[in-house]
Protein chains: 2
Amino acid sequence: MVRRTKDEALETRHRILDVAERVFNERGVTRTSLADIAKAAGVTRGAIYWHFTDKADLFCSMVARVTMPMESPICQMDHRASPDPLASIRDMMVGILRKSSEDPQVRRVFHIVFHKCEHVDEMQPVWQRFNEMHAGCLLRIEEGLRAALTKGQLPKTLDARRAAFGLRALLDGLMSTWVMDPDHQPQAHEAEALIDLFMSALHAAPRPAQRTVRRRVKLAA
Amino acid sequence: MVRRTKDEALETRHRILDVAERVFNERGVTRTSLADIAKAAGVTRGAIYWHFTDKADLFCSMVARVTMPMESPICQMDHRASPDPLASIRDMMVGILRKSSEDPQVRRVFHIVFHKCEHVDEMQPVWQRFNEMHAGCLLRIEEGLRAALTKGQLPKTLDARRAAFGLRALLDGLMSTWVMDPDHQPQAHEAEALIDLFMSALHAAPRPAQRTVRRRVKLAA
DNA sequence: TTGCATACATACAAGTATGTATGTAAAATA
DNA sequence: TATTTTACATACATACTTGTATGTATGCAA
């Protein structure tokens, strides 16, 4: 076999990662052997072991390639610096949802990470990164909400931490649902409408006493 | 080895399932062999192959044992029959969250299903069941919202489908976050407060034109 | 009490994935 | 141009894991 030039080697590496992304997505991570990936990429396992130390290393490298929606510049901005923190938060959330649903590579990797692999310790860098993304997103929303509170954009009775927690949960749920179904492509308008709808809840916050007496429901299974 | 009576055999079966639940949760499904489970259960692989045809069968049986929060009676009620559909939806969502966060077995199985196994076709019955749970939950929320609309509990401009989709996403996100962290036990009040907060958004719905002009944000990564 | 089915344990066969060691031809380098 | 790396391919040894086949002692039924 002909020895490849440096550029060609890099291309081989990319091809392996591309193929891994596709095959992991189709068959799951553990069910696909390195031989499967090698075959699909038109190389042998030798090539994989040359570029990556391990299957876990290959997996982590595959994930590390892509910039996740919560890591994109839209999500790194400090809402406290914005003249309109609420609008800033909204734009961030819409941006995250848009990238999650429109970028096919992001969708594939999300699908693999959430449904086609197991969260075991050998891929720890990936989980750590996702946890940091998750925590960072919550932090920025909360910061933004506090800024909105001080600017008088929101009622003083609003619990910023709780509201931020809820907004992030909404984000998680929407991303999960839209990514789970591989061929469902939500229209861009839908994400905006949903975010706007639920952010409007923050304005209605000051209702310490409920308007109706809740019916108590037995929890017996 | 002594032959067991029928009750003892049933107990063996339960013990195998209990152990599988624990070990799958700790080490992940694919990383634990049937030999591991057998050893931890104090039996041999023979016992496992007697009670279950397969590892996939064992896994599915383990999941099938438990009633998921979305399958409990609280979630099967038809909100359309309620005099207060909104309160009924609220109670359902709070009930789901409560059971998800309080029942340790539910937490373990959720954790396994979402983070410690791969969604491959050999466990299809499990995924099918979860999909049906998911779809059924959305359906019931939407039905309830429509009933609330006809009863005048909500503004006529509210998009019931969209709102239901958002509420379920909120549920998903909260469950995911609370289940992911194995030793985080949210206080019961928190779930109620979050549901109340975001359900209040539905009342504020009729805002066809946004109050401020949105700053357009570039999406370039 | 005999006989059969049960509830496992034990033993065996075979595939499969992994990691490593080695081979090799061309690119890079001096 | 000679030498050294590089970028793989090939070959091999090993360790698991699974599935099945078989053994076996006992509960249970007739």
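In what follows, every chain begins at residue 1, and chains take the letters A, B, ... in the order their sequences are listed.
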*Please list residues of residues 9-28 of chain A whose heavy atoms come under 4.0 Å from any atom in DNA chain D, ordered by number; otherwise none.*
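Nucleic-acid contacts, sorted: A:Ala9, A:Thr12.
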
In whole angstrom, what separates [X]'s [atom1] from [N]'s [atom2]?
{"X": "A:Trp50", "N": "C:dG23", "atom1": "CH2", "atom2": "P", "value": "17 Å"}
{"X": "B:Asp57", "N": "D:dT18", "atom1": "CG", "atom2": "C1'", "value": "15 Å"}
{"X": "B:Ile37", "N": "D:dT18", "atom1": "CD1", "atom2": "C1'", "value": "13 Å"}
{"X": "B:Lys39", "N": "C:dA9", "atom1": "NZ", "atom2": "P", "value": "15 Å"}
{"X": "A:Ile48", "N": "C:dG19", "atom1": "CD1", "atom2": "P", "value": "11 Å"}

Would you say that [X] contacts [Y] through its side chain, given a criterion of any heavy-atom pair below 4.5 Å between the two side chains?
{"X": "A:Leu158", "Y": "B:Leu197", "value": "yes"}
{"X": "A:Thr177", "Y": "B:Phe165", "value": "yes"}
{"X": "B:Glu143", "Y": "B:Leu139", "value": "yes"}

*Can you name the closest pair of heavy atoms from A:Ala164 and A:Leu145 and give their distance?*
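That would be N-CD1, 3.6 Å.
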
Table of protein N/O atoms under 3.5 Å from nucleotides 16-18 of chain C N/O atoms:
from	atom 1	to	atom 2	distance (Å)
C:dT18	OP2	A:Leu34	N	3.3

*Which residues share a side-chain contact (heavy atoms from CB on, under 4.5 Å) with A:Asp54, sequence neighbours left out*: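 Here the qualifying residues are A:Ala56, A:Asp57.
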
*Classify the ring geometry between A:Phe59 and A:Trp127 as parallel (under 30°), tilted (30 to 60°) or perpendicular (over 60°).*
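Rings of A:Phe59 and A:Trp127: tilted, as their planes differ by 30° to 60°.
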
*Report the relative orientation of the aromatic rings in B:Phe198 and A:Phe198; use parallel for angles under 30°, tilted for 30 to 60°, perpendicular for over 60°.*
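If you compare the ring of B:Phe198 with that of A:Phe198, the planes turn out tilted.
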
*Mind running salt bridge (Lys or Arg N to Asp or Glu O under 4.0 Å) on B:Arg65 and B:Asp18 for me, showing each step along the way?*
CA-CA 10 Å; B:Arg65 273 198 310 177; B:Asp18 288 342; 2.8 Å; yes

*Is the distance from OP1 or OP2 of C:dA7 to the nearest side-chain N or O of B:His51 less than 4.0 Å?*
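False: B:His51 side-chain N/O out of range (4.0 Å or more) of C:dA7 OP1/OP2.
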
_Distance below 4.0 Å between A:Thr5 side-chain N/O and C:dA26 OP1 or OP2_ =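 Answer no for this pair, as no side-chain N or O of A:Thr5 is under 4.0 Å from OP1 or OP2.
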
